Amino acid sequence: MKKSLAILMAAMMAVTAAGCGSKQEETTAAQTTEAVETGDTTAAPEDAETEAEAEGEETAATGGVLTMGTNAEFPPYEYYEGGDIVGIDVEIMAAVAKEMGMELQVEDMAFDSIIPAISSGKVDVGAAGMTVTEERKASVDFTNTYAKASQMIIVKEGSEIAGPADLEGKVIGVQLGTTGDLYCTDLEETGSTIERYNKGFEAVQALLQDKIDAVVIDGEPAKVFVEQSEGLKILEEAFTEEEYAMAVKKGNTELVDNINAALEKLEADGTLDEIVGKYITAE
Ligand code: ARG
C-alpha cells in the first residue's frame, strides 16, 4: 500500500506539474483521494494519463478554463510548494479567473517559452512576473500593470562590486530570456560576460561556487534566494526599474479588457493587497 500510495502521489504531482486537468471533468485531487480510500490504486494513474492525453488535443480558452503560462522558478511570484505551483501570480490569476467565471489552469514552462505559447494559443495568458517592455509589446498585448519591480544585483559578501557601474568586465549570471538577460547583454560591449541559466536559482548557485561575479535578477526573487543561502547580499542601487503585467495574444482586446476589469475590482476590494501581503512582508 505504501508503494502504491507513493505512485499515486507521484501521479498527482505529475498532473499538477504539467498543469493538466481536463476541461469538463476535473479529475484531480478529489478522485485520486477517493481511489486511495477505496484501495483502487490503479484508477488514479490511468486518470492522470487520460488527462495528460486529453490536454494535448484540446485548444486553450474553451469550456471556461483560463490557461496561464508561467515559469515556476520565481518565488514569491510562482514556485513549487511540494507538487503545487503557488505564488502571487497564481493567486491573482485564480482570483481573476473566478471574476471571469472561469477556472484557472497553470502550465509551467521555460520563461522564454511563455510568449511563444501565448502567440500560438497554447496558453491564454502569461503571468510570470513579466516586465512590460517595448520589445515584448511587438509580440503580445499587456494588461494593466499590477506590480513595480527592479532588477537587482546579487554579489558575494566582500565583493568589490558595489553598484551597476562595477559590472563592466565582470561575469554576470542571469535567467535566460528575462529583462536581466536583455539589459546585461548590453554590457557585453564593455567586456562583461553573460552566463544565461534556465533558472534564476542556478545563477545564484553559480555565484556561490565562484563561477560568476554577480547575478542580475528581479528584487523579490533576489531576496528569497539570498535569504536561502549564506554569504550573499543584494546591492542597494537597482539596475533597472520595471513593471509587471499579464500578457495575452496580440489583438485579444476582449481578454485584456476582462482581465483589467477583474484586476480593478480585486484592487478596489483589497484582494490584490491581501494576496501580495501573504507573500511579501513590507519593510
Ligand atoms: N521580470 C523579468 C522579465 O520579465 C523576469 C521574470 C521571470 N519570471 C519567471 N517566472 N521566471 O523578464
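Indexing begins at 1, ligand by ligand and atom by atom, following the structure's order. Computation of the quantities below employed the complete heavy-atom set of this structure, encompassing side-chain atoms and omitting hydrogens, waters and symmetry-equivalent molecules. Since the model is a prediction, treat every value here as computed from it, not as a measurement.
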Could you tell me whether [X] approaches ligand 1 through its side chain, its backbone, both or neither, with non-hydrogen atoms closer than 4.0 Å?
X: Asn71; value: both
X: Glu78; value: side chain
X: Tyr244; value: side chain
X: Glu220; value: neither

Compute whether any side-chain donor of one residue and acceptor of the other, for Glu91 and Tyr279, lie under 3.5 angstrom apart.
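Short answer, yes.
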
Among protein heavy atoms, which sits nearest to atom 6 (C) of ligand 1, and what does the distance come to when rounded to 0.1 Å?
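Heavy-atom neighbour on the protein nearest atom 6 (C) of ligand 1: Gly129 O, 3.3 Å.
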
Note the single closest protein heavy atom to atom 8 (N) of ligand 1, along with its residue, its atom name and the distance in Å.
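Its nearest protein heavy-atom neighbour is Ala128 O, 2.7 Å.
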
With Met246, the side-chain contact (heavy atoms from CB on, under 4.5 Å) member among Asn260, Thr143, Val140, Leu255:
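Passing option: Thr143.
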
Say whether [X], considering both its backbone and side-chain N or O atoms, lies within less than 3.5 Å of an N or O atom on ligand 1.
X: Phe74; result: no
X: Thr178; result: no
X: Thr131; result: yes
X: Glu73; result: no

To which of Arg136, Lys199, Glu242, Glu243 does the heavy atom nearest atom 4 (O) of ligand 1 belong?
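Answer by nearest heavy atom: Arg136.
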
For Asp218, atoms of ligand 1 separated by under 4.0 Å from a heavy atom:
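So the atoms of ligand 1 that pass are 1 (N), 2 (C), 5 (C).
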
Report, in ascending order of atom number, the atoms of ligand 1 lying under 4.0 Å from any heavy atom of Gln175.
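The atoms of ligand 1 under 4.0 Å from a heavy atom of Gln175 are 7 (C), 11 (N).
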
Closer than 3.5 angstrom, by distance alone: can the side chain of Thr70 be matched with the main-chain N or O of Ala127 as a donor-acceptor pair?
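Checking the backbone N and O of Ala127 against the side chain of Thr70, a donor-acceptor pair under 3.5 Å is found.
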
For Lys156, does the NZ atom have more than 12 heavy-atom neighbours from other residues, nucleotides or ligands under 6.0 Å away?
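Check passes, neighbour count above 12.
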
Is there a side chain to side chain contact (heavy atoms under 4.5 Å, CB included) between Tyr79 and Ile85 once you walk through the steps?
CA-CA 5 Å; Tyr79 58 101; Ile85 299 173; over 6 Å; no

Salt bridge between Lys211 and Glu195, side-chain N to carboxylate O under 4.0 Å?
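Looking at Lys211 and Glu195, the cut-off is not met.
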
Looking at Asn198, Asn71, Asp181, which one forms a side-chain hydrogen bond (donor to acceptor under 3.5 Å, both in side chains) with Gln175?
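Exactly one pass, corresponding to Asn71.
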
Are Phe74 and Phe111 close enough that their ring centers fall under 6.0 Å?
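No: the rings miss the under 6.0 Å criterion.
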
What's the separation between atom CD in Glu78 and atom CE in Met93, rounded to the nearest 0.5 Å?
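Glu78 CD to Met93 CE: 11.5 Å, rounded to 0.5 Å.
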
